[in-house]
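All remarks here apply to the structure that follows.
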Amino acid sequence: MTRSIDYGNLMHRAMRGLIQEVLISVAKDGLPGAHHFFVTFDTMHPDVEIADWLSDRYPGEMTVVIQHWFDNLDVTNEGFTITLNFGDNPETLYIPYDAIKTFVDPSVEFGLRFETQDEDDDSPEGDAEEAPMEEMVEPEADPADDRKEAEVVSLDQFRK
């Protein structure tokens, strides 16, 4: 039996650690400057905790924006809990790092994408690369209290 270094899993672990470190900083000090995050995750992951109406509306995957209004950001070694506003309805979500598909901070053109390959494939179990995305759940302004309402928008404006 040939032993080899599993670079794919090592890279995924490092990238998840980076996300954890960034979120710990945001939980402690808030978002600095123009930084904000688009986090796409697998809504069917067994450890994801979201409201039934959200999983019904976004079967398979969902992208949330952490920007203007968020609350109760709690970061652990396995994932994070956050309360976001969806049309004046605050919802608490738990997103394990293993469920994250992409993590993007368009303010500095930074992105991570977690890809898995078929189990039949002999190569390592994933690749890391920059994360272009077609659609995001982007909050819309609410003049009453600066809270945001979710809507789907194209990210073409962020592409070079």
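- The closest side-chain heavy-atom distance from Asp98 to Arg16 is below 4.5 Å.
- Residues Val48 and Ala99 approach most closely at CG2-CB, 3.6 Å, considering heavy atoms.
- Tyr58 is not connected to Tyr94 by any chain of hydrophobic side-chain contacts under 4.5 Å among Ile, Leu, Val, Met, Phe, Trp and Tyr, and they are in different clusters.
- Rounded to the nearest 0.5 Å, atoms CD (Glu91) and CG (Asn85) are 9.5 Å apart.
- Looking at Thr83 and Asn72, their side chains do bring a donor and an acceptor atom within 3.5 Å of each other.
- Closest approach of Leu84 and Trp69 over heavy atoms only: C-CZ3, 3.5 Å.
- Shown here is Glu61, whose CD atom has more than 12 heavy atoms of other residues, nucleotides or ligands within 6.0 Å.
- When all heavy atoms of Ser107 and Asp105 are compared, the closest pair comes out as OG-OD1, 2.6 Å.
- Residue Leu54 holds its CG atom at 9.5 Å from CG of Asn89, rounded to the nearest 0.5 Å.
- One hydrophobic cluster, built from ILVMFWY side chains closer than 4.5 Å, holds both Leu31 and Leu18.
- Although no hydrogens or angles enter the test, the distance criterion places a donor-acceptor pair under 3.5 Å between the side chain of Thr43 and the main chain of Gly60.
- Linking Ile, Leu, Val, Met, Phe, Trp and Tyr residues whenever their side-chain heavy atoms come within less than 4.5 Å leaves Met44 and Val39 in two separate clusters.
- The CD1 atom of Ile82 lies 8.0 Å from the CG atom of Leu93; values are rounded to the nearest 0.5 Å.
- Ring-plane geometry between Phe114 and His12 is classed as perpendicular, the angle between the planes exceeding 60 degrees on a 0 to 90 degree scale with a lower cut at 30.
- Counting non-hydrogen atoms of other residues, nucleotides and ligands closer than 6.0 Å to CG of Asp29 gives a total above 12.
- Scanning all heavy atoms of the two residues, the minimum distance from Ile100 to Phe80 falls at CD1-CE2, 4.1 Å.
- Counting heavy atoms from C-beta on, the side chains of Phe37 and Val26 come closer than 4.5 Å.
- Here the straight-line distance linking atom NE2 of His35 with atom CZ of Phe110 works out to 11.0 Å at 0.5 Å rounding.
- Atom OG1 of residue Thr76 and atom CD1 of residue Ile24 lie 9.0 Å apart, to the nearest 0.5 angstrom.
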Test log, rule side chain to side chain contact (heavy atoms under 4.5 Å, CB included), inputs Phe70 and Val64: CA-CA 11 Å; Phe70 61 91; Val64 293; over 6 Å; no
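- In this structure, Ile95 CD1 and Asp42 CG are separated by 11.0 Å, a value rounded to the nearest 0.5 Å.
- Between Asp47 and Tyr97, the closest side-chain pair of non-hydrogen atoms is not below 4.5 Å.
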